[in-house]
Every structure is written in C-alpha cells, then in structure tokens.
Amino acid sequence: MQQFTGDLDTDSQPPLAIPFAHFVLGVAVLLIGGAIAGLGSFVPGIDPAGAGSLHLLLAGWVGLTIMGAMTQFVPVWSGTSLYSRRLSVASLWLVTLGVAGLVAGFLFEYGWLPVGASVLLTGFWTFAYNIVRTLPPVRTFDITEAHFAFALASLLVATILGWVLAVDITFRVLGGRIAPSRLVLSHLTLTVFGFVLATIVGALYQLAPMFTQAETTAVDAHLAHVEMVALPGGIALLATGRLLGSTRVGTFGGVVFLTGALAFSGFLARQLWRARVEVGPLLRRYGLVVASLVGWIALTIPYWIVNPISVFTRFGGPMGTHLLFVGVFTLTIVGTCYHVVPFIVWYHRYSDRLGYESVPMVDDLYDDRIATVEFWLLAIGLAGLWIGDVLATTWVIVVGGNLLGVGILLFGANMAGVVWRHRPETVREVLATLVGRSTA
C-alpha cells in the first residue's frame with residue numbers, strides 16, 4: 001500500500017453529468033444548512049448547531065460531494081468501469097430525500113425520523129454496493145482504495161446505528177438497555193472520522209502528489225505507514241470505546257487516532273512545501289487544510305485524554321469543531337474542485353482539439369479574481385468561527401459564518417461559470433440525470 005500516484009484511466013470515468021449532479025445537490029443542501037446556521041440564532045425553535053444542521057452539513061453537503069467524487073474517480077484510479085450508473089443516480093436521490101426527512105424530523109416532528117433514516121440508510125447502502133462492485137476484486141488495494149474500503153465499512157455501520165437511534169427517539173425501542181448517548185457518539189465517530197475524514201485522507205494521498213508534482217520520499221512513506229495503521233485503528237477503537245462506555249479504550253483509541261491524523265498532516269505539509277508547480281487556488285486552500293488539521297489536533301488533545309466518551313468531546317471539544325468541519329472538510333472539497341471541475345470540463349471539451357488548434361489551459365477556465373476574493377472570505381470567515389468558538393462569542397461566529405457563506409456562493413458561481421462558458425450542454429445533461437434520463 002505504498003502507491004501514492006498511479007496511471008489514471010480517464011476513459012473509465014462515468015458521464016460528466018453524474019458527479020456534477022451530486023455536486024449541484026450538495027451545494028444546494030449546503031446553502032440551506034448555511035441559512036439555518038446564519039439565521040437560526042434569531043428564529044425561535046431552531047438550533048443552528050443542532051442535529052438537523054449537522055445532518056445537512058455531513059450527510060448532505062459532505063456526503064453527497066464524497067459520493068460524487070467516488071463515483072467519478074474510483075473507476076479512474078482503479079482502471080475499471082462504474083458498476084451501475086442507475087444505482088448512482090438512485091443513491092443520490094435516496095440520500096437527498098433521507099437528509100430532508102431527518103431534518104424535518106429534528107426541526108418539526110420526530111415522527112419523520114424513522115422514515116428519513118430508513119431512506120438515508122437505503123441510499124448510502126446502495127451507493128456503497130455500487131462502489132464495492134466497482135472496486136477491483138482480485139488484487140491488493142493501493143493506499144487510496146484501502147482508505148475508501150475502510151470508509152465504506154464505517155459508513156455501513158454508522159448508518160445502522162443512526163437508524164436505531166432514529167427509531168428509538170420515536171418509539172423508545174431500546175428501553176434504556178443501552179444509553180442513547182453511547183450510540184450517538186459511536187455513530188458520529190464512524191460518520192465524521194471513519195467515513196468523511198478517511199475518504200479525504202485517502203483521496204489526498206493521490207491528489208496531493210498529483211497536484212504538487214512533488215516526489216514522495218522515504219520520510220513520506222514512513223508517515224503514510226504510521227497513518228495507515230493509526231488512523232483507521234484509532235477510529236475503530238474510539239468508536240468501540242464510546243459504544244461500550246469505556247474511558248480507557250476511548251482514550252487509547254483517541255490518542256492513536258490523533259497520531260495517525262498528525263502523521264498525515266506531516267505528509268500533506270511536506271507535499272505542499274516541496275511543490276514544483278505555481279501556487280494557485282487549490283494549493284492555497286490545501287495550505288489552510290493543513291493548518292486547520294494541525295490546529296484541530298492541538299486544541300483537542302486534552303479532551304481526548306481526559307474524557308473521550310463524553311458528548312462534550314464528540315468532535316474533540318467545542319473549540320476545534322469549525323476547524324474540522326470547515327477548515328478540513330469543506331476547504332478540501334473547495335480546493336479540489338478548483339482543479340477537478342475545470343479539468344473534467346477541459347477534458348471533455350478541449351482534449352481532442354489539442355495539437356490542432358489553440359485551446360485554453362485548465363486554469364484559464366475559472367475567474368482568478370473571484371477565486372482570490374473567495375479565498376480571503378473563506379480564510380477570514382474560518383478565523384472568525386475559530387475565534388468565536390474559543391471566546392464563546394455568538395456574534396463573531398455569526399459574522400464568520402456569513403462571510404463563509406458568501407465565499408461558498410462565490411465558489412459555486414465560479415464553478416458554475418466554468419461549466420456554463422465552456423460546456424453549457426452539461427446543464428441539460430445534469431437536469432436529465434436528476435430526472436432519471438440518460439443514466440443507462
């Protein structure tokens with residue numbers, strides 16, 4: 001599992017409209033979540049940091065984006081074809097509707113929770129089945145595929161725990177035999193760290209060397225070996241300790257998990273430091289990802305050691321939550337999109353013209369001025385969220401969140417502009433995909 005880059009088979013990728021449809025719905029869910037987070041403090045009965053908002057961010061924005069990314073790149077990385085385009089579209093709608101049902105349950109009526117959880121579980125399991133059938137069955141996984149396999153396993157277990165929780169909230173089926181808080185913590189551990197973070201780490205093992213053109217050295221390989229054992233192993237131990245209510249197992253798992261996260265941050269930082277390409281929007285955002293990950297680790301160490309099985313420590317304590325969710329998760333997606341979206345559009349529109357006529361470069365497809373303004377909005381907004389967390393100041397959090405929201409809107413507009421200017425027919429293809437056409 002030492003392979004960091006490989007031959008990418010771009011002929012194996014699915015139609016452009018399928019991953020873009022995931023991205024479109026993901027951004028829509030993110031904007032809804034942002035509106036709840038930004039306005040919820042002023043609307044009675046709505047908790048901007050509650051379970052509804054959390055599911056919009058994780059299962060909606062991050063989950064749908066990861067689904068689209070895996071659908072696009074697992075066939076490319078593995079040199080195979082996507083098992084089923086129809087299942088990909090079906091899982092997209094099932095997850096979207098499941099998230100809507102859960103949010104309706106948390107915000108308005110608990111009776112919707114079992115319905116939303118059942119639909120969401122079906123959607124994620126359909127997605128996982130499609131990706132598992134896509135992965136090569138007879139060979140050793142590389143480091144990216146191994147992380148993806150662990151992420152999918154974590155997702156399957158997490159959705160089962162989530163479904164049990166949703167049913168118990170409505171019908172009290174557990175009868176006090178196991179504390180719901182233990183199920184919640186284990187569910188969140190497998191979702192946030194097992195599925196989302198492991199997927200991001202696995203993807204960046206391929207994307208960082210590819211985008212930086214930096215050589216991987218023996219030190220990088222050693223850091224990767226440490227991470228490959230410590231991060232998945234620590235997550236599994238942490239989830240188990242939280243489910244059993246064992247502080248000792250939880251503490252050990254948390255420390256091992258942080259060791260793996262720190263090893264990976266070292267790997268990514270070394271790739272960025274030794275980059276042999278011009279620093280652009282992608283690398284700038286990856287730099288914020290490294291700073292956020294290291295900052296999150298530093299802020300959360302005391303919580304993992306003292307009481308890792310407390311609800312108060314669910315994401316490592318209150319002061320680092322935005323560094324993880326915005327600084328690591330969201331900025332990884334945003335940064336990656338600044339290369340991936342223009343490249344995919346360029347490949348479909350201009351690659352066959354190369355050598356016959358003048359064609360634009362990949363970085364020429366997006367508006368660099370918008371990218372610069374958006375970067376600073378994201379950076380300042382993230383800093384505002386972190387300062388607000390540390391000082392427990394609501395108005396600073398609201399200002400930081402709104403700046404981030406404007407930055408996300410500009411990012412979405414910039415990516416939409418790439419598609420509209422250079423391949424406008426993709427808009428029609430995405431709409432056709434969302435209504436169930438052209439998916440065979």
Side-chain angles (χ1 to χ4, degrees), residues 5 8 10 13 16 19-24 26-27 30-31 61-62 64-66 68-73 76-77 199-201 203-214 268-269 271-272 275-293 325-351 359-382 403-423 426 430:
T5 58
L8 300 184
T10 53
Q13 59 186 309
L16 182 62
F20 274 20
H22 286 77
F23 176 71
V24 168
V27 170
L30 175 64
L31 294 178
W61 157 241
V62 178
L64 288 173
T65 305
I66 286 177
M70 280 198 183
T71 299
Q72 174 71 25
F73 291 110
V76 174
W77 281 326
T199 299
I200 287 174
V201 169
L204 288 176
Y205 272 124
Q206 290 282 354
L207 297 176
M210 184 190 309
F211 294 150
T212 62
Q213 295 297 301
L268 184 56
Q271 292 291 307
L272 295 175
R276 296 188 294 183
V277 298
E278 183 180 354
V279 176
L282 180 145
L283 297 189
R284 291 191 189 99
R285 286 152 185 80
Y286 278 9
L288 288 179
V289 170
V290 172
S292 298
L293 183 56
F325 281 60
V326 178
V328 179
F329 295 170
T330 297
L331 288 183
T332 296
I333 294 172
V334 170
T336 303
C337 282
Y338 261 104
H339 184 89
V340 170
V341 172
F343 173 78
I344 293 175
V345 171
W346 182 92
Y347 177 81
H348 283 270
R349 176 68 183 272
Y350 299 110
S351 61
V359 299
M361 300 289 289
V362 172
D363 290 341
D364 294 333
L365 302 190
Y366 60 81
D367 191 315
D368 189 58
R369 295 166 299 178
I370 294 178
T372 299
V373 173
E374 172 249 296
F375 170 79
W376 286 109
L377 285 171
L378 293 179
I380 296 171
L382 177 61
L403 289 176
L404 273 165
V406 175
I408 292 295
L409 284 173
L410 289 178
F411 156 71
N414 215 359
M415 294 301 98
V418 171
V419 177
W420 182 255
R421 289 191 301 270
H422 299 278
R423 204 172 187 273
T426 300
V430 168

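Position 1 is the first residue of the sequence, and the numbers go up from there. Atom set for the values below is all heavy atoms of this structure, side chains included, hydrogens, waters and symmetry mates excluded.
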Test side-chain contact (heavy atoms from CB on, under 4.5 Å) applied to [X] - qualifying residues, sequence neighbours left out:
| X | value |
| --- | --- |
| Val27 | Phe23, Leu31, Trp61 |
| Val24 | Val430 |
| Ala214 | Thr212, Gln271, Arg274 |
| Ile66 | Val62, Met70, Phe195, Val196, Thr199 |

Considering all heavy atoms, the nearest [X]-[Y] contact:
| X | Y | result |
| --- | --- | --- |
| Pro281 | Asp368 | CG-OD1, 4.4 Å |
| Leu288 | Ala379 | CD1-CB, 4.1 Å |
| Trp346 | Pro360 | NE1-O, 2.8 Å |
| Ala269 | Val290 | CB-CG1, 3.9 Å |
| Leu365 | Pro342 | CD1-O, 3.3 Å |
| Phe343 | Val362 | N-CG1, 3.7 Å |

Run Ile344 and Gln72 through side chain to side chain contact (heavy atoms under 4.5 Å, CB included) and show every step you take. CA-CA 10 Å; Ile344 293 175; Gln72 174 71 25; 3.9 Å; yes
For the residue pair [X] and [Y], establish whether any side-chain heavy-atom pair is separated by less than 4.5 Å.
| X | Y | answer |
| --- | --- | --- |
| Leu283 | Val277 | yes |
| Phe73 | Leu207 | no |
| Ser292 | Leu382 | yes |

For [X], give me all partners under side-chain hydrogen bond (donor to acceptor under 3.5 Å, both in side chains), at least two apart in sequence or on another chain.
| X | answer |
| --- | --- |
| Arg369 | Asp367 |
| Tyr338 | Glu374, Asn414 |
| Arg423 | Thr426, Glu429 |
| His422 | Tyr350 |

Non-neighbouring partners of Asp364 that pass salt bridge (Lys or Arg N to Asp or Glu O under 4.0 Å), sequence neighbours left out: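 Once residues adjacent in sequence are excluded, Asp364 has no partner under the salt bridge (Lys or Arg N to Asp or Glu O under 4.0 Å) criterion.
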Could you walk me through whether Leu409 and Phe411 satisfy the side chain to side chain contact (heavy atoms under 4.5 Å, CB included) test, starting with their C-alpha distance in whole Å, then the side-chain angles of each, then the deciding distance to 0.1 Å, before giving a yes or no? CA-CA 5 Å; Leu409 284 173; Phe411 156 71; over 6 Å; no
Could you walk me through whether Ile408 and Leu378 pass the side chain to side chain contact (heavy atoms under 4.5 Å, CB included) check? CA-CA 8 Å; Ile408 292 295; Leu378 293 179; 4.2 Å; yes
Thr336-Tyr286 side chain donor-acceptor pair, cut-off 3.5 Å: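 There is such a pair between these side chains.
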Residue list, ring-ring contact (aromatic ring centres under 6.0 Å, His included) with Phe325, at least two apart or on another chain: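 ring-ring contact (aromatic ring centres under 6.0 Å, His included) list for Phe325, sorted by chain: Phe315, Phe329.
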Distance (rounded to the nearest 0.5 Å) between [X] [atom1] and [Y] [atom2]:
| X | Y | atom1 | atom2 | answer |
| --- | --- | --- | --- | --- |
| Arg284 | Leu331 | CZ | CG | 13.5 Å |
| Ile370 | Leu377 | CD1 | CG | 11.5 Å |
| Leu410 | Trp376 | CG | CH2 | 15.5 Å |
| Leu30 | Thr330 | CG | OG1 | 6.5 Å |
| Ile333 | Thr65 | CD1 | OG1 | 4.5 Å |

Kindly indicate, with the supporting measurements, whether the criterion side chain to side chain contact (heavy atoms under 4.5 Å, CB included) is fulfilled by Phe211 and Leu204. CA-CA 10 Å; Phe211 294 150; Leu204 288 176; over 6 Å; no
